[in-house]
Amino acid sequence: MLQRSSVEQELEREGSVNKPTMTTKTSALSKEELIELLKQMLLYRRFEEKAGESYAIGKIGGFCHLHIGQEAVAAGCITPLKKDDYVIGTYREHTQALAKGVPPEAVMAELYGKAAGTSGGLGGSMHIFGTDVGFMGGHGIVGGQLAVALGIAWGIHYRGGDQVCVCFLGDAAVNQGAFHESLNMAAIWNLPVIYAVENNDFGMGTKFSRVSKTAMSQKSASHGVPARVIDGQNVMSTYADFGEVVEEVRKGAGPQFVDVQCYRFKGHSMSDPVSGTYRSKKEVEDKTENADPIKILCDHMFDSGLLSPEELQEMDGEAREVVKRAAEFAEAAPEPDIKSLYENVYSEANPNGRLFFDGRVI
Amino acid sequence: MAEITYRDALNQALAEEMDRDESVFLLGEEVAEYDGAYKVSRGLLERFGERRVVDTPISELGFTGLAVGAAMVGLRPVVEFMTFNFSLLALDQVINNAAKMGSMSGGQVTSPIVLRGPSGAAFQLGSQHSQSCEAWYLHTPGLKVVAPGTPADAKGLLKTAIRDNDPVVVMESELLYNLKGEVPEGEEFLIPLGVADLKREGGDVSIITHGQMIHVALRAAEQLAKKGVEADVLDLRSLRPLDVESILESVGKTNRAVCLEEGWSYGGVGSQVVSVLMEEAFDDLDAPVLRVTQADVPMPYNKKLEAWSKPSVSRLVEACEKVCYV
Ligand SMILES: Cc1ncc(C[n+]2csc(CCOP(=O)(O)OP(=O)(O)O)c2C)c(N)n1
Ligand SMILES: [Mg+2]
């Protein structure tokens, strides 16, 4: 468990993202594990690029928040989970849904607003759900998922299961009251929940240090929830370190708080600037150049003779193919029916009384 | 008169009132360095400095409570909600504190607070980001609620709201920020709360509406005119206080009314208007009052279903024809 001063934390943050560290844990990863992580990240990158393109030509609408630059967080934190473990996230969740096993066609179809989408086209980019594989949703209100995660963990605890619930949140969400209420309850009831902050250092245009006096890793201390700092750009570290946390929680260690340090390469959403007064173009270029999670992993694998450029090209081709098929599927899928609007507002029709008051006849 | 956007009209109102009264300050997410998520506060940080234009953490409950406390000691906070969807996190401070402070303290304190930001749906933002929040606030004595639909009304109402000694909820719309219109100049351009505005005069049917929906009403009125039906378009502007006089006057003339609002029907603005008409204009009515609202569902993401769910010109035309029996 890391407990350091905020100055040390700041320094650590500056250093860690650009210079991936190899530890004994990461060196112990097998070739198969590394290839799996690479394939996952390639899929996420190509998927998000496609989503960006489709947004630009109006096939996807609304708010669309890409995960480009942060792929190692989805791959590294979710790959160690079992199918019956749970993940719940924010509106920046497309790749997390993929990582947990939601089919790419269904996610893409949701982005396209089609009936074959995960929410039948009614949810959209911010609300991908795949409860059959333990993906408990994308949530649009900052902090809205934190207490919900608590309830999911409560359910596990109540039934005496050994699953864990991973709750992703952005760095800006720790300033919501719900964060503190949730950590406190998780702690007093020793619930199997991991609060994983995707700490990309910005909430829209606000740098974390402008809205917090203390370092991220100190946020859970007063609740008695252990904190850890993890490199979220070097997927080998993310995977090895986060996997360890998962196993501890599975064995009953109780709630954990993980500061997964990462960086967003694109704007906050498709309609926000990549850089501006809040972060310089140079900073983004520097990170994109030196902290690309895919490049970091590939470089390591090339150096260790675990990957050849041809193999990489082949894997990338496969990822592109999967995404292409997902987009074609989404494109061809039918629009949802107007009736579907009323289908899930309530779980069943009520035999007595009136539920809907718009007077519309369909 | 200068033609400016709704966004700039709000910006001017803020700047003028901050200039006029040192106790006015603006706080909210991204309002300072980022110039506001929708750029309403553009340039204000530069002009008034970080003492008076304050970027907050994403802590709606906390910074709204801050406004309540600051008002108790004589300041006049303007809280920007990035959108009103997020104001729901602050409802406790607004409903349990701001709205009650005056009566709870026997008049020892007041809450001169403005709570403003966009409300209602834009395009395809899905159910959590497309809510018309009027009804949440209207229900509560102690709060005032306004919803300007034009640049001039935006400026005049916001300025009045800032000078008002009670908490005033000012509901803007993402769809209006770029709308241009003539706005009277001068620091004393104020629009009183509780005064509706007849945006179009007709004699056959009263369309009673507010906010962004006035533009739907005006388009419907044009279509109706082609069919020989002339509509009054009464823009309530202020939802609480409600200009009952103007409602009765218009309906007294037309004998028919349709209430149009962007939000859900159950317990909406129109529910109250209909109730007033039943109680005070029963004898004037020649047809049941109809309402055109959003479909009674969480707003869907899908483009076509979203368009279907929103109140439309065609639905309004249909309702007006129905009450006119044409
Ligand atoms: C309660 C609430 N307030 C404001 C917003 C608007 N908003 C959406 S995302 C965001 C920034 C969140 O940043 P962070 O938590 O760091 O996540 P990131 O976007 O960096 O992944 C804001 C202010 C919101 N969705 N919900
Ligand atoms: Mg962030």
Side-chain angles (χ1 to χ4, degrees), chain A residues 58 60-64 91 110-115 117 119-127 139-144 170 172-178 203-208 210-212 268 272-273 276-278 335-338 340-345 354-360 362, chain B residues 29-38 45 50 55-63 65 82-83 85-86 88-90 92 121-130 264-268 270-271 290-309 311 315 319:
Chain A
I60 296 173
F63 286 146
C64 182
Y91 44 82
E110 188 59 34
L111 301 186
Y112 278 55
K114 298 300 183 70
S119 304
L122 271 56
S125 162
M126 297 190 282
H127 308 300
H139 299 265
I141 301 300
V142 170
V174 302
N175 291 321
Q176 288 287 29
M204 286 185 74
T206 303
K207 196 174 168 66
F208 184 66
R210 291 185 58 221
V211 285
S212 176
H268 167 70
D272 294 289
T277 37
Y278 76 100
E335 296 274 340
D337 195 76
I338 284 171
S340 71
L341 271 179
Y342 293 83
E343 273 164 12
N344 297 307
V345 182
R354 189 184 292 182
L355 283 172
F356 298 104
F357 290 84
D358 54 20
R360 298 184 184 208
I362 42 170
Chain B
E29 292 153 20
E30 309 285 352
V31 297
E33 285 199 4
Y34 209 67
D35 281 335
Y38 298 98
L45 171 65
E50 45 186 44
D55 274 333
T56 64
I58 307 180
S59 307
E60 286 84 2
L61 179 82
F63 65 72
M82 191 176 282
T83 77
N85 302 288
F86 316 139
L88 301 183
L89 281 84
D92 170 55
F123 292 112
Q124 287 195 273
L125 302 183
S127 59
Q128 292 187 322
H129 283 74
S130 308
W264 296 302
S265 123
Y266 203 149
S271 311
L290 294 184
R291 298 180 59 201
V292 176
T293 65
Q294 190 197 313
D296 219 354
V297 297
M299 190 61 93
Y301 162 73
N302 175 278
K303 196 173 181 172
K304 287 182 189 151
L305 295 198
E306 184 190 50
W308 186 88
S309 298
R315 281 179 197 282

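What you are looking at is a predicted structure, and each value in this text was computed from that prediction instead of being measured. In what follows, chains carry the letters A, B, and so on, assigned in the order in which the sequence lines appear, proteins first and then strands, with residues in each chain numbered from 1.
Shortest non-hydrogen contact noted between A:I141 and B:Q128 is N-OE1, 3.5 Å. The two residues B:S265 and A:F357 make their nearest non-hydrogen contact at OG-O, 3.0 Å. Heavy atoms only, all atoms of each residue included: A:L122 and B:L305 are closest at CD1-CD1, 3.8 Å.
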>> What verdict does the side chain to side chain donor-acceptor pair (under 3.5 Å) test give for A:T206 and B:E30, after you've listed the backbone C-alpha separation in whole Å, the side-chain angles of each residue and the deciding distance to 0.1 Å?
In response: CA-CA 7 Å; A:T206 303; B:E30 309 285 352; 2.9 Å; yes
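Looking at heavy atoms from C-beta onward, B:M82 lies in side-chain contact with A:M204 at the 4.5 angstrom threshold. Looking only at side-chain heavy atoms (C-beta outward), B:Y34 and A:P273 come within less than 4.5 Å of each other.
Using a 4.5 Å cut-off between heavy atoms, A:S340 touches chain B through its side chain atoms alone. Of the atoms belonging to B:L290, not a single heavy atom falls under 4.5 Å from chain A. Heavy-atom distances place the backbone of A:L111, and not its side chain, under 4.5 Å from chain B. Both the backbone and the side chain of B:E60 come within contact range of chain A, each with at least one heavy atom under 4.5 Å from a heavy atom of that chain. Interface residue B:I58: backbone and side-chain heavy atoms are both found under 4.5 Å from chain A. Of the two parts of A:N344, neither the backbone nor the side chain holds a non-hydrogen atom closer than 4.5 Å to a non-hydrogen atom of chain B. Only the side chain of A:M126 comes within less than 4.5 Å of a heavy atom in chain B; its backbone stays farther off. Contact of A:Y278 with chain B is made through the side chain alone, with heavy-atom distances under 4.5 Å. For B:R291, no part sits under 4.5 Å from any heavy atom of chain A, backbone or side chain. In this structure, the portions of A:I60 lying under 4.5 Å from any heavy atom of chain B include both its backbone and its side chain.
Heavy-atom pairs under 4.5 Å with chain B peak, among A:T277, A:L355, A:L341, A:D337, at A:L341. Contact tally against chain B (heavy-atom pairs below 4.5 Å) for A:S125, A:S119, A:P336: the top residue is A:P336. Considering only heavy-atom pairs separated by less than 4.5 Å from chain B, the leading option among A:H127, A:H268, A:R360 is A:R360. With chain A as the partner, the residue from B:P57, B:A122, B:A295, B:P300 showing the most heavy-atom pairs under 4.5 Å is B:A295. The most heavy-atom pairs under 4.5 Å with chain A, out of B:G62, B:A32, B:S309, come from B:S309. Comparing A:V142, A:D272, A:N175 by how many heavy-atom pairs each has under 4.5 Å with chain B, the most go to A:N175. By number of non-hydrogen pairs under 4.5 angstrom with chain A, the leading residue of B:S59, B:S130, B:G126 is B:S59.
Atom OH of A:Y112 and atom OH of B:Y301 lie 9.5 Å apart (nearest 0.5 Å). With rounding to the nearest 0.5 angstrom, the CG atom of B:L89 is 5.5 Å from the CD atom of A:Q176.
For an aromatic pair to be called close, the ring centres must be under 6.0 Å apart, and B:H129 with A:F63 satisfies this.
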